[in-house]
Asks: 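Sharing a structure here in structure tokens format.
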Number of protein chains: 2
Amino acid sequence: MFSDALRRDAARIGAHLDKILSGGPDLPVTQGMRYAVAGGKRLRGFLVLESARLHGVDEAQAIWPAAAIEAIHAYSLVHDDLPCMDDDDLRRGLPTVHRKWDDGTAVLVGDALQALGFELVLDPGCHSDAAVRADLALSLARASGRGGMVLGQALDMAAETADVPLSLDQITELQAGKTGALIMWSAEAGARLGQADPKPLTDYAMALGLAFQIADDILDVEGDETTVGKAVGKDADRGKATFVSLLGLDGAKRRASELVAAACDALSPYGAQAQTLNEAAQFVISRDT
Amino acid sequence: MFSDALRRDAARIGAHLDKILSGGPDLPVTQGMRYAVAGGKRLRGFLVLESARLHGVDEAQAIWPAAAIEAIHAYSLVHDDLPCMDDDDLRRGLPTVHRKWDDGTAVLVGDALQALGFELVLDPGCHSDAAVRADLALSLARASGRGGMVLGQALDMAAETADVPLSLDQITELQAGKTGALIMWSAEAGARLGQADPKPLTDYAMALGLAFQIADDILDVEGDETTVGKAVGKDADRGKATFVSLLGLDGAKRRASELVAAACDALSPYGAQAQTLNEAAQFVISRDT
């Protein structure tokens, strides 16, 4: 079952991160790093492990890039929650890093988690062939940096102060960077580890990433703060363009369903082996958190 | 002459960074990235190029890690200058990134520059052997992250609120992380590119990094804000332990000279070829900026 697989993979990735982050000096930054990578669905790490399974890659190898992408994702959340960014007090139902410690600690925690992401993906345990590790790390730098996630965040920031709300094309481009780039990297990682053509997983992840963001916008309207674990209704309060404001609630749900169908179609070359990833696509639009 | 070599190398590294960062969308984050990597002595990049020359490595290759370390160094300065960190308004004589734009932009600029550092060092142009690129990138992640630069910054932050000023051993450990780790990576990079034993350069860089920091503490006492290009006298105002407060001004100058001698000794295996790096060691304790 998909939900069992997600829980099992999340636990394994968490154990790997715990092992990596155990020991060392007892400073707010090290405490904050452990805190920031704890919990969450670990959907990105799950995509790494599942796409690796599809290519017959040993989990003992795939756990490294799975932990790496969760470290990168956690860094982006810690920085995104800062008062000078989205200014959020709550994350996964708990105080954000800068609320539990302070802003300076949160900056350093995010910085250290980004470096940790590259450290993990470059660990020799990830793959015996250094060319594969270098390829994974270079694509991770591109997906997380100025051409990927940070670009999406910068477009988001520019939209906050723009006079005209974003169009559907603009918001799609923004989200392709902000959440899509790391999701795509995660799904492709298994193919890269197995030195196989990543194309089906690329197509799957493009549709999945967009569906994920549309679902996020729907949750922001329909979700309950206690269940979601973070503030809801913020986008509407700010008059920000979202997939819901642009397509309507029903239109957004329909578009999300179409994208899930497209994601599953993309995996047809893998046949029944892709069952768990197909269920994952269904999950991203039916989740309540 | 050393100062000519430093200027020439700085210009080449700047040109490489300009080329990499040209084009792309015109957003505050991309403008801020270009702004943050402009100017400066580029001592770390210089160490990469010079150590590469010692090992007969083509400059067209070495320029990649040289630009990478300058991107990583620039990221650390942009974040360090934030109001929640050191709260500095001036850097290299110009407004800091968060003063010219805003805090959120400065967070993103730093984040994107860190990713850029890894992107550059992993570029195939850096070395044809992926194992060398992966090795450089892994050591960069370690030098810049929780076991290196960020650890030093975290120790520095902890010292700000501690009841007892740091001892000489503690401040030496702090600086080995905060400034020493990137300087060491830079000096070793040439040996890594040339697949040679980095030991002489490691010893050189350990002494050089510490001398560099002692000189910084001396500049904070004796320097002129206009020449230095950033605020001076901040450490004494805060009652912070520095090499000067611990060793006295004369003692600090003596220690810095001993370290420069040790740095030069370490390069004796290279003979006259190490002339420029020996002059660089002299320079770090005689600079006025």
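Just so it is clear: chains get the letters A, B, ... in the order the sequence lines come, proteins before strands, and each one is counted from 1.
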Asks: With a 4.5 Å limit on heavy-atom distance, are the side chains of A:Asp123 and B:Leu138 in contact?
Replies: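 No, side chains not in contact.
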Asks: If you define the side chain from C-beta out and look only at heavy atoms, does anything of A:Thr105 sit under 4.5 Å from B:Met157?
Replies: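 Side-chain contact under 4.5 Å: yes.
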Asks: Count the heavy-atom pairs under 4.5 Å between each of B:Gly145, B:Ser139, B:Ala112, B:Pro83 and chain A, then report the option with the highest count.
Replies: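 So the answer, after comparing B:Gly145, B:Ser139, B:Ala112, B:Pro83, is B:Ala112.
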Asks: Can you list the steps and then say if A:Cys84 with B:Val107 is a side-chain contact (heavy atoms from CB on, under 4.5 Å)?
Replies: CA-CA 9 Å; A:Cys84 61; B:Val107 170; 3.9 Å; yes
Asks: A:Asp111 versus B:Asp111: any side-chain heavy-atom pair under 4.5 Å?
Replies: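 Side-chain contact under 4.5 Å: yes.
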Asks: Could you tell me which of B:Ala115, B:Ala106, B:Ser76, B:Ala143 has the largest number of non-hydrogen atom pairs under 4.5 Å with chain A?
Replies: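 Counting heavy-atom pairs under 4.5 Å, the top option is B:Ala115.
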Asks: Taking everything shown except B:Arg99 itself, do over 12 heavy atoms lie less than 6.0 Å from its CZ?
Replies: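 12 or below, so no.
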Asks: Would you mind reporting whether A:Leu108 and B:Arg146 have side-chain heavy atoms less than 4.5 Å apart?
Replies: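 They are not in side-chain contact.
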Asks: Minimum heavy-atom separation for B:Val29 and A:Ala154, please, with both atom names.
Replies: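 It is CG1-CB, 3.3 Å.
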Asks: At a 4.5 Å cut-off on heavy atoms, which part of B:Pro28 comes close to chain A: side chain, backbone, both, or neither?
Replies: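 Looking at B:Pro28, nothing touches chain A.
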Asks: Which region of A:Ala158, side chain (C-beta onward) or backbone (N, CA, C, O), has a non-hydrogen atom less than 4.5 Å from a non-hydrogen atom of chain B, or is it both or neither?
Replies: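 Side chain only.
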Asks: For the interface with chain A, which of B:Gln153, B:Arg133, B:Gln114, B:Arg142 has the highest count of heavy-atom pairs at distances below 4.5 Å?
Replies: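 When all of B:Gln153, B:Arg133, B:Gln114, B:Arg142 are compared, B:Gln114 has the most.
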Asks: Give me the ring orientation class for A:Phe118 and B:Phe118: parallel if the planes are under 30° apart, tilted from 30 to 60°, perpendicular past 60°.
Replies: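 Because their plane-to-plane angle is under 30°, the rings of A:Phe118 and B:Phe118 count as parallel.
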Asks: Would you check, one step at a time, whether the test side-chain contact (heavy atoms from CB on, under 4.5 Å) holds for B:Leu27 with A:Leu151?
Replies: CA-CA 9 Å; B:Leu27 291 164; A:Leu151 173 63; 3.7 Å; yes
Asks: Which answer fits A:Met149, side chain, backbone, both or neither, if we ask what part of it has an atom under 4.5 Å from a heavy atom of chain B?
Replies: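 Nothing of A:Met149, per the 4.5 Å heavy-atom cut-off to chain B.
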